[in-house]
Amino acid sequence: MENKYISMIESCLPTLLPSEDCYEKVVIEAMKYSLLAPGKRIRPTLLLAFCEACGGDVTAALPYACAVEMVHSYSLIHDDLPCLDNDDLRRGRPSNHIVYGEDIALLAGDALQTLAFESMLGETALEKNGIKGAKAAGILAAAAGAGGMVGGQTIDVITEGKSPSLDIVLEMYSKKTGRLLKAPCVMGCVLADADEKRIAASKVYAENIGLAFQIVDDILDITSDTSVLGKPVGSDAENNKVNYVTLLGIEEAKAKVRDLTQAAVESLDIFDRNTGFLSLLAAELASRIY
């Protein structure tokens, strides 16, 4: 599927990075290594697509889309560290800490997180977006923190080697993966001054593709291989982690993905503008298991 937003995102991301003309340039090199690594750019694409679906200015929304990608990249750097998932491969390349060491990787992740908010709350971004820009930044902050992505990662850590219930697994998915997929959808609507009905519909879409996305990852962790995914497979089993597939089986997991994808597509009916891209994106994310 052609993603018309990727070239915009890829062009903007390097412009937001600090200059490497400094004594501490190694940390900026490490930031660049992960942020500009080849990726699907799903999260920033969602922000731009919903902004456009609501009639907003996609160009003015670009710093916010890039900020979402910065937060996502920082989380991947930290997830790969030995103290968490201990993965040596990410997006088909050595993980950040393998190249730069654990200390610089940790700092690069920290710096990307703060750069995200600098990008959204800087003078240029706020001149174009005003209060709605600040509101969008707050949405991302809440999604990334203890009540969102960090909280979900914490559940992942404290349940390792245990037998959490399906409810706990779903709560982990909602926070660890879902919140950082829902945030850009809502942010795109907010930046376009969308009404509450469209914001609510964007949340329904995001909640469905978020859970579907994580279940697909669980399936691929069992059925795929490293050369296809660009990251290690079988890590959940190796780390004694319970997931959706281990609890309910592959066939039920696949059926759930189909139901969630259909619900996501149906939630788009309220939007006046063309949402074909968002429908195709939901289907493409689900199709990874077929």
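This structure is a prediction, so every number in the text was calculated from the model and none was measured.
Inter-residue side-chain proximity for Tyr5 and Glu52 is flagged as met; some heavy-atom pair is nearer than 4.5 Å. Annotation: side chain of Met120 is in contact with side chain of Met187 (closest heavy-atom distance under 4.5 Å). When side chains are defined from C-beta on, His78 does not count as touching Ser75, because their heavy atoms never get closer than 4.5 Å. Residues Lys32 and Glu20 meet the side-chain proximity criterion, which asks for heavy atoms closer than 4.5 Å. For the pair Ile9/Leu48, a side-chain contact is recorded, criterion being any heavy-atom separation below 4.5 Å from C-beta on.
Sparse packing is recorded around CD of Glu123, with 12 or fewer heavy atoms of other residues, nucleotides or ligands lying under 6.0 Å away. In the displayed structure, Asp103 atom CG is contacted under 6.0 Å by more than 12 heavy atoms of other residues, nucleotides or ligands.
Remark: Arg43 is positioned above the aromatic ring of Phe213, its terminal NZ or CZ atom under 6.0 angstrom from the ring centre and at most 45 degrees off the axis.
Ile77 CD1 to Asn96 CG: the interatomic distance, rounded to the nearest 0.5 Å, is 4.5 Å. Distance CG/Leu13 to SG/Cys66: 4.0 Å, rounded to 0.5 Å. Separation of atoms NE2 (His97) and CG (Asp80) is listed at 6.5 Å; rounding is to 0.5 Å.
Of the options Lys135, Lys132, Arg198, a salt bridge (Lys or Arg N to Asp or Glu O under 4.0 Å) to Asp193 is made by Lys132 and by none of the others. Asp156 pairs in a salt bridge (Lys or Arg N to Asp or Glu O under 4.0 Å) with only one of the listed residues (Lys175, Lys176, Lys162), which is Lys176. Tested against Asn3 for a side chain to side chain contact (heavy atoms under 4.5 Å, CB included), the candidates Leu281, Thr45, Ile42 yield a single pass: Thr45.
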(message) If you apply the rule side chain to side chain contact (heavy atoms under 4.5 Å, CB included), what do you find for Val68 with Tyr64, and how did you get there?
(response) CA-CA 6 Å; Val68 172; Tyr64 298 84; 5.9 Å; no
(request) Determine, step by step, whether Lys203 and Glu207 satisfy the salt bridge (charged side-chain N to carboxylate O under 4.0 Å, His left out) criterion, reporting the C-alpha distance in whole Å, the side-chain angles of both residues, the deciding distance to 0.1 Å, and the verdict. (result) CA-CA 6 Å; Lys203 292 179 181 179; Glu207 287 165 0; over 6 Å; no
(message) Assess the residue pair Arg288 and Asp217 against the criterion (salt bridge (charged side-chain N to carboxylate O under 4.0 Å, His left out)); give the C-alpha distance rounded to whole Å, side-chain angles, the decisive distance to 0.1 Å, and a yes or no.
(response) CA-CA 9 Å; Arg288 295 182 297 154; Asp217 268 7; 3.2 Å; yes
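Residue Phe271 comes nearest to Ser202 through the heavy atom pair CZ-N, 4.3 Å, listed as atom of the first residue, atom of the second, then distance. The shortest non-hydrogen separation linking Ser119 to Met70 is OG-CE, 3.5 Å. Nearest heavy atoms, Met172 versus Gly152: CG-O, 3.4 Å. When all heavy atoms are compared, the tightest approach of Ser34 to Arg91 is O-NH1, 3.5 Å.
For Glu29 and Tyr100, the side-chain atoms include no donor-acceptor pair closer than 3.5 Å. No hydrogens or angles considered: a donor-acceptor pair under 3.5 Å links the side chains of Asp218 and Tyr173.
Cluster annotation: Leu81 and Ile158 are assigned to distinct hydrophobic clusters (Ile/Leu/Val/Met/Phe/Trp/Tyr, side-chain heavy-atom contacts under 4.5 Å, transitive). Cluster annotation: Leu170 and Val245 are assigned to the same hydrophobic cluster (Ile/Leu/Val/Met/Phe/Trp/Tyr, side-chain heavy-atom contacts under 4.5 Å, transitive). Val58 and Leu47 fall within the same hydrophobic cluster, where Ile, Leu, Val, Met, Phe, Trp and Tyr residues are linked whenever their side-chain heavy atoms come under 4.5 Å apart, directly or through other members. When the side chains of ILVMFWY residues are joined at heavy-atom separations under 4.5 Å, either directly or via intervening members, Met149 and Phe117 end up in a single hydrophobic cluster.
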